[in-house]
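Below, all heavy atoms of this structure are taken into account, side chains as well, without hydrogens, waters or symmetry copies. Naming convention: chains lettered A, B, ... in sequence-line order (proteins, then strands); numbering from 1 in each chain.
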Amino acid sequence: MAGCTSLCRQGVLKLIQSLQRLVSGTLTKDRTDDELEMMTMVCHRPEGLEQLEAQTNFTKQELQILYRGFKNECPSGVVNEETFKHIYAQFFPHGDATTYAHYLFNAFDTTNNGSIKFEDFVMGLSTLLRGSLREKLEWTFHLYDINRDGYINREEMTEIVSAIYDMMGKYTYPALKGDVPKQHVDAFFQKMDKNKDGVVTLDEFVLACQEDETMMRSMQLFENVM
Amino acid sequence: MAAGVATWLPFARAAAVGWLPLAKKIMPKPPVDKTSRSDEILFVNVSGLKFQTWKNTLDRYPDTLLGSSEKEFFYNEDTEEYFFDRDPEMFRHILNFYRTGKLHYPRHECVQAFDEELAFYGIVPEIIGDCCMEEYRDRKKENMERLAEDNEAGETTDKPLSPDATSREKLWRAFENPHTSTMALVFYYVTGFFIAVSVIANVVETVPCRPLKGSVRDLPCGEKFGLAFFCMDTACVLIFTFEYLARLFAAPSRSEFMRSVMSVIDVVAIMPYYIGLVMPENEEVSGAFVTLRVFRVFRIFKFSRHSAGLRILGLTLHSCASELGFLLFSLTMAIIIFATIMFYAEKGSKGSSFTSIPASFWYTIVTMTTLGYGDMVPDTVAGKIFGSICSLSGVLVIALPVPVIVSNFARIYHQNQRSDKMRAQQKVRLARIRMAKKITTNGFLQYKEDGGLGDNDSTALLCVKNRSAFEHQHHHLLHCLEKTTNHEFTDEMRYSEVCMTESGFRTMSRSTSLSSQHGGTNNNSTGCCPRRNKRRAAMRLANSTVSVSRGSVQELDTLHVKTTSSPPQTRSSLNARTEDLKLNCGEPELPDFTAAIISIPTPPANTPEESPPPIPGILRNTRATAYTQDTVKISSL
């Protein structure tokens, strides 16, 4: 009964408000819109510098430099997927980088809330640049494992490889044929899938990568990226 | 490339670790980062005002003075700061551009000074943000118009005629600018005087003079002194006719002159006299003749040649014609409405002057414009009520549009010009953005061709100049992607050629098949310079298509344009290209060219010289004749 009367009161109040607006001549409801605007202006601040230094493998100076750049780009403190796709696409103007950027975004967004905060950004970078070999391989495995079920199957791999080839664009030498991604996926599975069960687990992946000479050498070259 | 993404580049490169398990080849070595890792604060002294900023902030835009190594020229070793002898107030805005990525235009500054500062610091004005862009463009346009006006005024009046100008040109100039010679000035004043005389005569001849002896009626002076007025009229018309014919003779474009407003006025002013001369003294026709004399009043418009103010008024009315039309339309609507109402309101009363609706128009107009002659007045109460409403609304209907027209005129006129300009500017802007994008996409291909990847011989590295750390790293990233997928980036031209080579060459002539064979063998042997041979194949294909079309200039033109479009027009890349060709693969494969070009007719007497293979269009200017010369030279060998 109490709920009823409050509802009635609300309805009457709204009616009076709309009548008032009609008489005074304002047609738009501007006050409520302002409130909504205020709410979307989310500002996220990262945890303290010491905490981040402890959690990642970066020094304070490096964190400072990273944060200055990050804050300049995203004053609100978070990056959403659209912005991320747009930024990543600028590095690969030849082709279409949006699909791969989507997978990459999901790999960085560890909390799965649709936006990357500075902590996610810095943790990801720390793993990739300063992490141990196992950590890097685990990160890569999580990138490939789109549905996070612990296995990489053929479909997921095909999607990732197609996304990578999309980034190359149309004008390549030699010209991209339709089945090149498929061949690539087959070669990958040949190398990685030890027990030939059609899926690659984390251990299989790590083992196969450690055996791969080319990859190990490339991995070493990436130490000094930052 | 947008500066903002420079922050994200380490991120993208780190993410490249995700490609490693898929890569079939080993990744290339990353470029050595010579710059110190930690960021440092730079001191910039601009005419005494000291600024401090992070080095990274300035590095965001590497193609400006402050972002590139050009600022080292301004480095002062003793004080360990960068000193610029420029305006410190403006520098604040420039530095804010680096900090926020948006360039704002300070409204209190002169547009030209701001432009000069931007040019000095290497910033293109197109980057000005939307908030300030309109203001900037308006001021700039104003400035340029003012300069153009000054220049024009200086030119037309003071520019001396070339000594071999024809008498026609001299005469025209004398008519247009009476101040140039005394004769022209005299003529100018004489015609002005006669226009005034003619107009006054027209006015005075209708004034009643004292009647002739013996008659009672007052006579208009025109009839009393008929002969005198006729002589005066004749003299004026003779002068006007002579002037018109002289102008017609001197006009640079006679048809255009005859269509102009002033000449129409001239004709209308003198026609009635001649028609009057020609027409017989007939009673019926004289009525029409009298009406023609009304047109003599148009002579007063001839004054507009003498008065600039009249011309401006005419232009003003012409330009806000649509507003005036709207005013007229709304007035007409109101008149019709009120006339109808008044007619039906007054229908009942006897002896009312509102006999019909058109008769009521007169009442409505007189009432709405608050004239109120009083020749028609409503009698009925209803009529009076509606009459008062009519006069009240008349004030509104007439008084409202007039200031609106006045302000609208200025606003709409400027706005129209601005929107057209903005549409054109927008197209230019988009084109520029597209071009910049193309330059960055081609930047990497250029980088590859310069051999900057490090796995060729070291002499090729000489060609690589002045690439920022950002560009090095970005190109390394793209190279990693190439190695991962085992495909290379190319541009549109080569891609379509590769498709052409694969798709059927049999349709082309024997000469082309010969060249394709050569092209094919060279492509197979990816020996010393795989990329050089590709370019040779491209040129061979270009020449072969030329031979097929029998050297028509049209083909050459289009071909020329095609080959020039692919390489980017940066100075460093131009230098790089020439050095490239000198360093590697020096032997010219001439036999291929002679085989390819058989059907182009050789012009006589071409000395056979050892010319290097024609570089498609980079070093030569875009003239098809030059191109034909090159190909022909080779065939004569």
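- To the nearest 0.5 Å, the span separating OG1 on Thr484(B) from OH on Tyr165(A) amounts to 8.5 Å.
- Enclosure of atom CD in Glu211(A) by more than 12 non-hydrogen atoms of other residues, nucleotides or ligands within 6.0 angstrom is indicated.
- Neither the backbone nor the side chain of Val185(A) has a heavy atom closer than 4.5 Å to any heavy atom of chain B.
- Heavy-atom neighbours of Arg432(B) CZ from other residues, nucleotides or ligands within 6.0 Å: at or below the threshold of 12.
- Ser218(A) and Leu20(B) make their closest contact through CB-CD2, 3.7 Å (heavy atoms, listed as atom of the first residue, atom of the second, distance).
- Note that CG of Leu9(B) and CD of Gln90(A) are 11.5 Å apart. Values are rounded to the nearest 0.5 Å.
- Taking OG1 of Thr485(B) as the start and NE2 of His184(A) as the end, the distance is 8.0 Å to the nearest 0.5 Å.
- Contact count against chain B (heavy-atom pairs under 4.5 Å) is highest for Thr172(A) among Thr214(A), Thr127(A), Val161(A), Thr172(A).
- Chain B forms more heavy-atom pairs under 4.5 Å with one residue of Asp212(A), Leu104(A), Ile164(A) than with any other, namely Ile164(A).
- Across all non-hydrogen atoms, the minimal contact from Ala14(B) to Leu129(A) is CB-CD2, 3.8 Å.
- Here the shortest heavy-atom pairing between Ala12(B) and Tyr88(A) reads CB-CE1, 3.8 Å.
- Rounded to the nearest 0.5 Å, atoms CG (Leu478(B)) and NE2 (His94(A)) are 5.0 Å apart.
- Enclosure of atom NE2 in His487(B) by more than 12 non-hydrogen atoms of other residues, nucleotides or ligands within 6.0 angstrom is indicated.
- Tyr103(A) OH: more than 12 foreign heavy atoms inside a 6.0 Å radius.
- Rounding to the nearest 0.5 Å places CE of Met168(A) at 5.5 Å from CD of Glu482(B).
- Atom NZ of Lys194(A) sits in a crowded spot, with more than 12 heavy atoms from other residues, nucleotides or ligands closer than 6.0 Å.
- Interface remark: Met192(A) contributes side-chain atoms only to the contact with chain B (heavy atom separation under 4.5 Å).
- Taking the six-membered ring where tryptophan is involved, the planes of Phe92(A) and Trp19(B) are perpendicular, since the angle between them exceeds 60° and thus also 30°.
- If you measure heavy-atom distances from Phe70(A) to chain B, the contacts under 4.5 Å come from both the backbone and the side chain.
- Looking at Tyr100(A), only its side chain comes within 4.5 Å of chain B, counting heavy atoms on both sides.
- Residue Lys191(A) touches chain B through its side chain alone, counting heavy-atom pairs closer than 4.5 Å.
- Contact of Val79(A) with chain B is made through the side chain alone, with heavy-atom distances under 4.5 Å.
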